Amino acid sequence: MIETPSLVDQYCHGVLRTELGLGTFETQLARTEGPPASGTTLFDTQTGFAVRRWCPPLLGLEPHCPPARYLARRRELGVLEAGRRLLRGSGITTYLVDTGLPGDLTGPAELAAASAAEAREVVRLELLAEQVADTSGTCESFLANLAESVHGAAANAVAFTSVAGVRHGLALAPEPPGPGEVRGAAGRWLAARPVGGELSDPVLLRHLLWIAVATGRPLQLHAGLGEPGLRVDRTDPVLLTDFVRATAGLGTDLVLLHGYPYHRHAAHLAGVFPHVYADSGAALVRTGARAATVLAEILELAPFGKVLFSSGAQGLPELHVVGARLFREALARVLGGWVAEGAWSLGDAQRVAGLIAAGNARRVYGLE
């Protein structure tokens, strides 16, 4: 039996504080560009089936119970109690929380209290830049305040994360932009931007990435499937190859988040570049009963000390549960199969399981 008593969720979000009906709950199961097609349901997905398999027992119901019955029990317990039971049943001992999403989501302190676990903040670079822009009067003050804010955030944040791939695509010029180029881009963006407007300018995105690299904090880069409307062909992590090469030897680790369906590309980069790591999280949540196959594909190419677990969960505590349970099941199936075949010893399998589940993340992020 492959055991993973400790799980470090190296990338997730908080959970919703509000009660959800059937329709609103269902929309949280997948990120789509609208409601499900007539006559269909998002419960009929790998993620939906995984929620029905793993979550009902934590609320006192049988596995695979109907969605309506599950949500009735959830409402009976109340959003706080249901969330507490689910999070504490996930087996996750440490959460690294991206606080850069809008909406009524819990922060690291609330998530830690509800789950009886540790939680640390991951700062989203683009949101930080937008907040600085809202409070800076001139282009010069914006650029000065931006650099100061990123370096100030590095004092407390466990890592930075960037959604440059979501906002523009990962095919960014790899080198740092020059000062004149940055000032010109900042001036144009600030002049046209409404308060709260999103940052998508490629020059400023590159500038942000290089400021973050200079702090030495690990930098998480979103790749693969993501937000609705995203052109997934623009988020293949292989597009980052030149940027990865440009940051080699600078002392900053890069973590390629999500990756799927390009998870083998992320694993390849982790295998080639010493400062690159691959996430195994959201790919497993999306693929459900096929999670073991996807994890095995990641482990074809990535060194075992370069793969990290995450749930990628957002909004629903159920997704933290599903992320953790699918990971444990997939890891046990893959590594246990190799032990049964005689390719691995049980001791080696247990050691590698501990690295992927928690040890690698503790090393990369400097967690005690």
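The structure displayed is predicted, hence computed values, not measured ones.
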S.K.: Please enumerate all residues that pass side chain to side chain contact (heavy atoms under 4.5 Å, CB included) together with Thr27, with sequence neighbours excluded.
M.R.: none
S.K.: Would you say Thr4's side chain and Gly354's backbone share a donor-acceptor pair under 3.5 angstrom?
M.R.: no
S.K.: In the single-linkage hydrophobic clustering (I, L, V, M, F, W, Y; side-chain heavy atoms under 4.5 Å), do Val238 and Ile298 co-cluster?
M.R.: no
S.K.: Asn360 side chain to Leu308 main-chain N or O, any donor-acceptor pair under 3.5 Å?
M.R.: no
S.K.: Could you tell me whether a side-chain N or O of His13 sits under 3.5 Å from a main-chain N or O of Asp98, the two making a donor and an acceptor?
M.R.: yes
S.K.: Would the number of heavy atoms belonging to other residues, nucleotides or ligands and lying under 6.0 Å from CZ of Arg290 be above 12?
M.R.: no
S.K.: Is the ring pair Phe43/Phe25 parallel, tilted or perpendicular, if the boundaries are 30 and 60 degrees?
M.R.: parallel
S.K.: What pairs meet the side-chain hydrogen bond (donor to acceptor under 3.5 Å, both in side chains) rule with one or both residues in residues 48-59, with sequence neighbours excluded?
M.R.: none
S.K.: Check the orientation of His263 and Tyr260. Use parallel for under 30°, tilted for 30 to 60°, and perpendicular for over 60°.
M.R.: parallel
S.K.: Assert yes or no for the condition that the ring centre distance of Tyr277 to His275 is strictly below 6.0 Å.
M.R.: no
S.K.: Looking only at heavy atoms, what is the nearest atom pair of Cys139 and Leu190, with distance?
M.R.: CA-CD1, 3.8 Å
S.K.: List the residues meeting salt bridge (Lys or Arg N to Asp or Glu O under 4.0 Å) with Arg351, not counting sequence neighbours, and say none if there are none.
M.R.: Asp348
S.K.: List the residues meeting side chain to side chain contact (heavy atoms under 4.5 Å, CB included) with Leu367, not counting sequence neighbours, and say none if there are none.
M.R.: Val8, Thr94, Leu96, Arg120, Val158, Arg362, Tyr365
S.K.: Do we see a donor-acceptor contact under 3.5 Å between the side chains of Asn156 and Glu121?
M.R.: no
S.K.: How about Phe304 and Trp338: are their ring centroids closer than 6.0 Å?
M.R.: no
S.K.: Is the closest side-chain heavy-atom distance between Ile2 and Val334 below 4.5 Å?
M.R.: no
S.K.: Tell me, please, which residues at least two apart from Ala82 pass side chain to side chain contact (heavy atoms under 4.5 Å, CB included).
M.R.: Leu59, Arg74, Leu77
S.K.: Quick test of your reading of the model: are Glu19 and Arg75 salt-bridged, counting only N-O distances below 4.0 Å?
M.R.: no
S.K.: If only atom types and distance count, is the side chain of Thr252 paired as donor or acceptor with the main-chain N or O of Val213 below 3.5 Å?
M.R.: yes
S.K.: Could you tell me which residues satisfy side-chain hydrogen bond (donor to acceptor under 3.5 Å, both in side chains) with Glu130, sequence neighbours excluded, listed by chain and number?
M.R.: Arg167
S.K.: Would you check if the side chain of His320 reaches a backbone N or O of Arg88 as a donor-acceptor pair within less than 3.5 Å?
M.R.: no
S.K.: For side-chain contact (heavy atoms from CB on, under 4.5 Å), just list the numbers for Ile356 and Leu299, CA-CA rounded to whole Å, side-chain angles, deciding distance to a tenth of an Å, and then say yes or no.
M.R.: CA-CA 10 Å; Ile356 299 172; Leu299 296 178; 3.9 Å; yes
S.K.: Could you give all pairs that pass the ring pair (Phe, Tyr, Trp, His ring centres under 6.0 Å) test and reach residues 172-213, with sequence neighbours left out?
M.R.: Phe142-Trp189, Trp210-Phe243
S.K.: Is it true that a side-chain atom of Glu26 and a backbone atom of Leu42 form a donor plus acceptor pair closer than 3.5 Å?
M.R.: yes
S.K.: With sequence neighbours excluded, what pairs up with Asp104 under the side-chain hydrogen bond (donor to acceptor under 3.5 Å, both in side chains) test?
M.R.: Arg17
S.K.: Are Val166 and Leu172 connected in the hydrophobic side-chain network, where two residues link if heavy atoms are under 4.5 Å apart?
M.R.: no
S.K.: Is any side-chain heavy atom of Leu208 less than 4.5 Å from a side-chain heavy atom of Leu146?
M.R.: yes
S.K.: Can you list the steps and then say if Glu198 with Glu126 is a side-chain contact (heavy atoms from CB on, under 4.5 Å)?
M.R.: CA-CA 8 Å; Glu198 289 189 347; Glu126 290 77 14; over 6 Å; no
S.K.: Please examine the side chains of Leu254 and Phe273, heavy atoms only from C-beta on, and report whether any two atoms are closer than 4.5 Å.
M.R.: no
S.K.: Show your working on side-chain contact (heavy atoms from CB on, under 4.5 Å) between Thr99 and Leu127 and close with a plain yes or no.
M.R.: CA-CA 9 Å; Thr99 56; Leu127 177 63; 5.9 Å; no
S.K.: Verify the neighbour count for atom CD of Glu148: are there more than 12 heavy atoms of other residues, nucleotides or ligands below 6.0 Å?
M.R.: no
S.K.: According to salt bridge (Lys or Arg N to Asp or Glu O under 4.0 Å), does anything in residues 177-195 pair up with another residue at least two apart or in another chain? List the pairs.
M.R.: Asp134-Arg193, Glu181-Arg206
S.K.: Nearest 0.5 Å, what's the CD-CD distance between Glu318 and Gln28?
M.R.: 10.0 Å
S.K.: Are Leu221 and Tyr11 in one and the same hydrophobic cluster, where Ile, Leu, Val, Met, Phe, Trp and Tyr link if side-chain heavy atoms are under 4.5 Å apart?
M.R.: no
S.K.: In terms of hydrophobic clusters joined by side-chain contacts under 4.5 Å, are Val364 and Leu256 together?
M.R.: no
S.K.: Looking at residues at least two apart in the chain, or sitting in another chain, which of them share a side chain to side chain contact (heavy atoms under 4.5 Å, CB included) with Leu239?
M.R.: Leu170, Ala171, Asp236
S.K.: Less than 4.5 Å apart, side chain to side chain, heavy atoms only: is that true for Leu20 and Leu316?
M.R.: yes
S.K.: Report the hydrophobic cluster partners of Leu301, with the cluster defined as I, L, V, M, F, W, Y residues connected by side-chain heavy atoms closer than 4.5 angstrom, directly or transitively.
M.R.: none
S.K.: If I compare all heavy atoms of Val182 with all of Pro177, which pair ends up nearest, and what's the gap?
M.R.: CG2-CG, 3.6 Å
S.K.: Can you tell me how far CG of Leu205 sits from CG of Leu199, rounded to the nearest 0.5 angstrom?
M.R.: 4.5 Å
S.K.: If you look at every heavy atom in Ala185 and Asp201, which pair is closest and at what distance?
M.R.: CB-OD1, 3.5 Å
S.K.: Does the side chain of Thr93 pick up a donor-acceptor pair with the side chain of Glu118 at under 3.5 Å?
M.R.: no
S.K.: Within the structure provided, determine whether Ile92 and Ser115 are in side-chain contact (heavy-atom separation under 4.5 Å).
M.R.: no
S.K.: Do Asn145 and Ser136 pair up side chain to side chain, a donor and an acceptor below 3.5 Å, judged on atom types alone?
M.R.: yes
S.K.: Does the side chain of Ser90 reach to within under 4.5 Å of the side chain of Leu86, using non-hydrogen atoms?
M.R.: no
S.K.: Under a 4.5 Å cut-off applied to non-hydrogen side-chain atoms, are Leu295 and Leu284 in contact?
M.R.: yes
S.K.: With the 4.5 Å side-chain cut-off for hydrophobic clustering, are Phe309 and Leu335 part of the same group?
M.R.: yes
S.K.: Please give the remaining members of the hydrophobic cluster of Leu355, linking ILVMFWY side chains under 4.5 Å, ordered by chain and number.
M.R.: none
S.K.: Quick check: does any side chain N or O of Arg217 sit under 3.5 Å from a backbone N or O of Phe160, one acting as donor and the other as acceptor?
M.R.: no
S.K.: A side-chain contact here means heavy atoms from C-beta on lying under 4.5 Å apart; do Leu240 and Val276 qualify?
M.R.: no
S.K.: Apply side-chain contact (heavy atoms from CB on, under 4.5 Å) to residues Val79 and Leu16 and explain how you reach the verdict.
M.R.: CA-CA 9 Å; Val79 65; Leu16 289 165; over 6 Å; no
S.K.: Provide the closest heavy-atom pair for Gln10 versus Ala361 in the form atom of the first, atom of the second, distance.
M.R.: CB-CB, 4.4 Å
S.K.: Does the Gln46 side chain pair with the main chain of Ala289, one donor and one acceptor, at a distance under 3.5 Å?
M.R.: yes
